[in-house]
Amino acid sequence: MKHWLMKTEPDAFSIDTLKQKKVAPWDGVRNYQARNFMRDMAVGDRVLFYHSNAKPSGVAGLAVVARTAYPDHTSWDSRSDHFDPGSTPEKPRWYMVDVKYVSTFTRLLPLEELRGIPELSGMILFARSRLSVQPVEPHHYEFMVKIADG
DNA sequence: GCCAACGTTGGC
DNA sequence: GCCAACGTTGGC
């Protein structure tokens with residue numbers, strides 16, 4: 001089982017939205033590296049649900065992968081904000097996974113606070129601010145769960 | 001809203 | 001294949 005962190009702007013899709021829907025597709029990823037990580041995901045993989053462009057930005061809760069990567073149909077929908085003319089149903093360029101709600105942290109863990117924690121040093125989150133899907137070390141994941149509930 | 005970081009595009 | 005221009009992400 002692997003561990004991941006996935007970023008979303010809560011104005012568009014938040015942990016509360018996922019809580020209501022229970023399971024939802026993670027569409028709109030238009031970055032090759034992020035896409036490749038999504039294609040590495042397996043059902044049951046753990047996901048840190050991150051709110052970006054938020055006040056404050058940070059880890060908001062937990063999800064699990066509910067369906068492995070499949071073509072992102074919004075990529076060939078010309079009405080979609082995520083339309084990419086280079087992607088077609090015959091030759092999809094972009095993929096999405098489904099994620100399932102697990103829990104909302106009793107307290108959001110702000111990026112600013114996480115940065116200062118020695119146990120979390122080395123996380124991709126701190127070095128690659130624009131990577132919206134990224135792997136997480138198991139001990140980083142476990143530590144974050146611990147401090148969120150504590 | 002600003003702007004730094006950085007990924008992508010396209011001319012050559 | 002280089003790299004300047006451009007567009008986007010995301011923290012602040």
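Numbered from 1 within each chain, the chains take letters A, B, ... in sequence-line order.
Under the salt bridge (charged side-chain N to carboxylate O under 4.0 Å, His left out) criterion, A:E119 pairs with no residue, sequence neighbours left out. Taking the side chain to side chain contact (heavy atoms under 4.5 Å, CB included) definition, one finds that A:S52 meets it with A:K7, A:E9, A:Y50, sequence neighbours left out.
The interatomic distance linking A:Q134 (CD) with C:dT9 (P) rounds to 15 Å, in whole Å. One atom, CG of A:D84, and another, C1' of C:dG7, lie 14 Å apart when rounded to the nearest Å. Computed from coordinates, the A:D11 CG to C:dT9 P distance equals 14 Å when rounded to whole Å. In this structure, CZ of A:R128 is placed 14 Å from P of C:dG11, rounded to the nearest angstrom. One can place CZ of A:F13 at 19 Å from C1' of C:dG10, the figure rounded to the nearest angstrom. Rounded to a whole Å, the CE atom of A:M6 is 15 Å from the P atom of C:dT9. Counting to the nearest Å, the P atom of B:dG7 and the OH atom of A:Y32 are 14 Å from each other. Rounded to whole Å, atom C1' of C:dG10 lies 17 Å from atom CD1 of A:I124.
The side chain of A:S132 lies closest to C:dG10 when the candidates are C:dG11, B:dG7, C:dG10.
Between A:E112 and A:S57 there is no side-chain heavy-atom pair separated by less than 4.5 Å.
Under 3.5 Å, the side chains of A:D72 and A:T74 contain a donor-acceptor pair of N or O atoms.
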>> Let's go through A:D84 and A:R93 carefully: what are the C-alpha distance in whole Å and the side-chain angles of both, what is the deciding distance for salt bridge (charged side-chain N to carboxylate O under 4.0 Å, His left out) to 0.1 Å, and is it a yes or a no?
In response: CA-CA 9 Å; A:D84 176 359; A:R93 176 179 287 174; 2.9 Å; yes
>> For a salt bridge (charged side-chain N to carboxylate O under 4.0 Å, His left out) check, start with the C-alpha distance between A:E113 and A:R107, then their side-chain angles and the critical distance, and finish with the verdict.
In response: CA-CA 12 Å; A:E113 180 182 330; A:R107 141 189 122 77; 3.0 Å; yes
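Within the hydrophobic cluster formed by Ile, Leu, Val, Met, Phe, Trp and Tyr side chains joined at under 4.5 Å, directly or through other members, A:W94 is accompanied by A:Y32. Residue A:V133 belongs to a hydrophobic cluster whose other members are A:W4, A:M6, A:F13, A:I15, A:L18, A:W26, A:V29, A:F37, A:M38, A:M41, A:V47, A:F49, A:V65, A:V97, A:V99, A:Y101, A:I124, A:L131, with links defined by side-chain heavy atoms closer than 4.5 Å.
No contact: A:R30 has no heavy atom under 4.0 Å from any strand. Within 4.0 Å (heavy atoms only), A:Y50 reaches sugar-phosphate atoms of the nucleic acid but no base atom.
Annotation: of the two residues near DNA chain B, A:R93 and A:S129, the 5′-most nearest-nucleotide partner is A:S129.
A cation-pi arrangement is absent between A:R115 and A:F126, since the terminal nitrogen or guanidinium carbon is not both under 6.0 Å from the aromatic centre and inside a 45° cone about the axis.
Consecutive Watson-Crick or G-U pairing (both distances under 3.5 Å) extending over three or more pairs maps onto DNA chain B as B:1-12 with C:1-12.
Scanning residues 52-62 of chain A for heavy-atom distances under 4.0 Å to DNA chain C yields A:S52, A:N53, A:S57.
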